[in-house]
Trainee: 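After the structure tokens below, expect a handful of questions from me.
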Amino acid sequence: MKLSLNTQIAIGAILGVIFGLYLHSLGPQDPAFSLWISISETVGGIFVDLLKMILIPLVFTSISVGIANLRAHQEMDRVWKITLIYFLASPTLAVILGLTVMNLFTPGADLKIAMFQDTMSTFQASNVSAGHFIKTFLSGLFMNPFKAMAQGDVFATLIFAVFLGIALIKLNERAKTLKEILVQGFDVIMLIVNWIMRLAPIGIMALLTKLIATQETTFLVSLSKFVAVVVGSTLFHGIVTLPGFLYLLTDVTPLTFFKGMREALVTAFATSSSSATLPVSMKCVTENLKVDKDIVGFVLPLGATANMDGTALYEAAAALFVANLAGIHLTIVQQVVVCLMAIIASIGAPGIPSAGMVTMIMVLQSVGLPIEAIAILLPIDRPLDAIRTAVNVEGDGICSLIVQKYTSKNR
Ligand code: ASP
């Protein structure tokens, strides 16, 4: 009997968690611990490297082909607009949820900040103001495409591909050959993605083994109320709000959606990277959820770097947590500023592990909170990052289904 890839990935994930817990119980002093951690690191690293290897060619071909194929102007217009509305509306909902729950439970208000003083005094946070952040972000958008690709800069590659796609639409027949080459390139890349996915069960097992075995549980326990609030609200957003909207707007049931997206969600959880997960999510949404290739090619690469509900929710919640720890009361206006900054920060954060931690600095600064508090958030970031990345990836899948439903592609 041959198990489906989906089942193999599920088994890999479960074994990874069990083995990780076992290694955790042995402790880092045990020689078996370091041996297995280094094996998992190598195997998991190869899997992630393979995904990263294919990422830039995938983004380049899928965005240019995706746009070039949305030929009818009417249709292109609708895809853009619906995507944009979704990319703004869904993180807004996420942030509001995060802030509401934080105001209800106020984790951190009872913790003694002094217990973190040591870590805080040794931590050197770089000084990133919102203005500086936005300036750096904007100046990195337009780049020599070869440089962008060679450096693995997803956003700059994506922007060039958008220009290319629009130019292909304008030239139409005259650029037929180039478009054909890109279409064939995209098909070839997707085939390689399928090959890489055969390694997913073992890669995911290795990544989860390391994630679980090396997590410092003492930090998690002392910050458990905050961790519980973040995990609870992120899961609520991912399991209730987003699938609820999907069902209301498209009639796709949560069960169908989660079944179709399973491989992508597990990969997102194990890699903590929306970008690394992109090849897998594109495969799931096209093959399992039957969304039109061109819509997927446009919405998913963009979503992987710009649409991050989990990150937005986390950044808003963490800012309030830091305020509680520091004994600062944030007014409603300040909380609205936190909301906006958290959304901007989530759009600006690249889809890589702990990217949210870097953009977190500007959220804290926007209302004058101590950025040194990042030192408290860092040690607990790995498990939280895993969960928010899964929700980030989920949101992109949902967006593509909604776009499909409301554009003429489906009529
Ligand atoms: N790891 C997240 C992602 O790739 C970004 C973050 O740190 O929140 O989606």
Side-chain angles (χ1 to χ4, degrees), residues 44 47-49 51-52 55-56 58-59 87 90-91 94-95 97-98 125-126 128 133 137 152-155 158 204 207-208 210-211 215 226-227 230-231 233-235 237-238 242 261 263-282 284-285 299-319 321-322 338 341-364 374 376-400:
F47 176 58
V48 173
D49 283 348
L51 289 170
K52 284 199 202 143
L55 178 65
I56 292 287
L58 178 66
V59 168
F87 281 7
S90 74
V95 181
L97 173 69
S126 55
V128 187
F133 174 81
F137 177 66
D153 188 323
V154 183
F155 220 60
L158 188 146
I204 283 170
L207 289 167
L208 288 181
K210 185 168 170 250
L211 177 83
Q215 180 58 47
F226 171 64
V227 173
V230 170
V231 171
S233 47
T234 311
L235 288 180
H237 188 71
L242 286 179
M261 282 295 277
E263 295 162 31
L265 298 178
V266 176
T267 311
F269 186 89
T271 59
S272 286
S273 166
S274 306
S275 291
T277 310
L278 183 63
V280 190
S281 26
M282 288 181 68
C284 288
V285 178
V299 174
L300 258 60
L302 202 61
T305 74
N307 177 45
M308 299 186 177
D309 290 12
T311 304
L313 189 154
Y314 176 75
E315 304 225 348
F321 177 60
V322 172
V338 166
M341 287 313 255
I343 294 171
I344 297 176
S346 73
I347 295 173
I352 56 174
S354 286
M357 275 294 117
V358 181
T359 55
M360 182 78 227
I361 295 171
M362 76 178 228
V363 181
L364 294 177
I374 299 274
I376 301 163
L377 302 173
L378 269 176
I380 52 166
D381 195 46
R382 298 197 59 200
L384 299 183
D385 193 10
I387 296 170
R388 66 177 187 256
T389 308
V391 172
N392 291 347
V393 167
E394 176 191 350
D396 301 336
I398 290 189
C399 180
S400 64

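Atoms within each ligand, like the ligands themselves, are counted from 1 in listed order. FYI, side chains are in, hydrogens and waters are out, and symmetry mates aren't considered; it's all heavy atoms of this structure. All of these numbers come straight from a predicted model, not from anything done at the bench.
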Trainee: Looking only at atom types and distance, does a side-chain atom of Asp309 sit under 3.5 Å from a main-chain N or O of Asn392, one as donor and one as acceptor?
Mentor: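 Not confirmed, Asp309 side chain does not pair with Asn392 backbone.
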Trainee: Would you find a donor on one side and an acceptor on the other, under 3.5 Å apart, between the side chain of Glu315 and the backbone of Gly310?
Mentor: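 The answer is no, because no donor-acceptor pair under 3.5 Å joins these two groups.
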Trainee: Are Leu384 and Val227 close enough that some pair of their side-chain heavy atoms sits under 4.5 Å apart?
Mentor: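 Heavy-atom side-chain distance check passes, below 4.5 Å.
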Trainee: Exactly which residues line ligand 1, taking a heavy atom under 4.0 Å from it as the test?
Mentor: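 Lining ligand 1 at under 4.0 Å, by heavy atoms, one finds Ser272, Ser273, Ser274, Met308, Thr311, Gly351, Ile352, Pro353, Ser354, Ala355, Gly356, Asp385, Arg388, Thr389, Asn392.
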Trainee: Would the distance check show the side chain of Thr389 and the main-chain N or O of Ser274 forming a donor-acceptor pair, the cut-off being under 3.5 Å?
Mentor: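 Such a contact is absent between Thr389 side chain and Ser274 backbone.
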Trainee: Considering residues at least two apart in sequence or located in another chain, which fulfil the side-chain contact (heavy atoms from CB on, under 4.5 Å) criterion with Ala355?
Mentor: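 In terms of side-chain contact (heavy atoms from CB on, under 4.5 Å), with neighbours along the sequence ignored, Ala355 is linked to Ala349, Pro350, Ile352.
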Trainee: Counting distance only, does the side-chain N/O of Asp385 pair as donor-acceptor with the main-chain N or O of Ser354 below 3.5 Å?
Mentor: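 It does hold such a pair.
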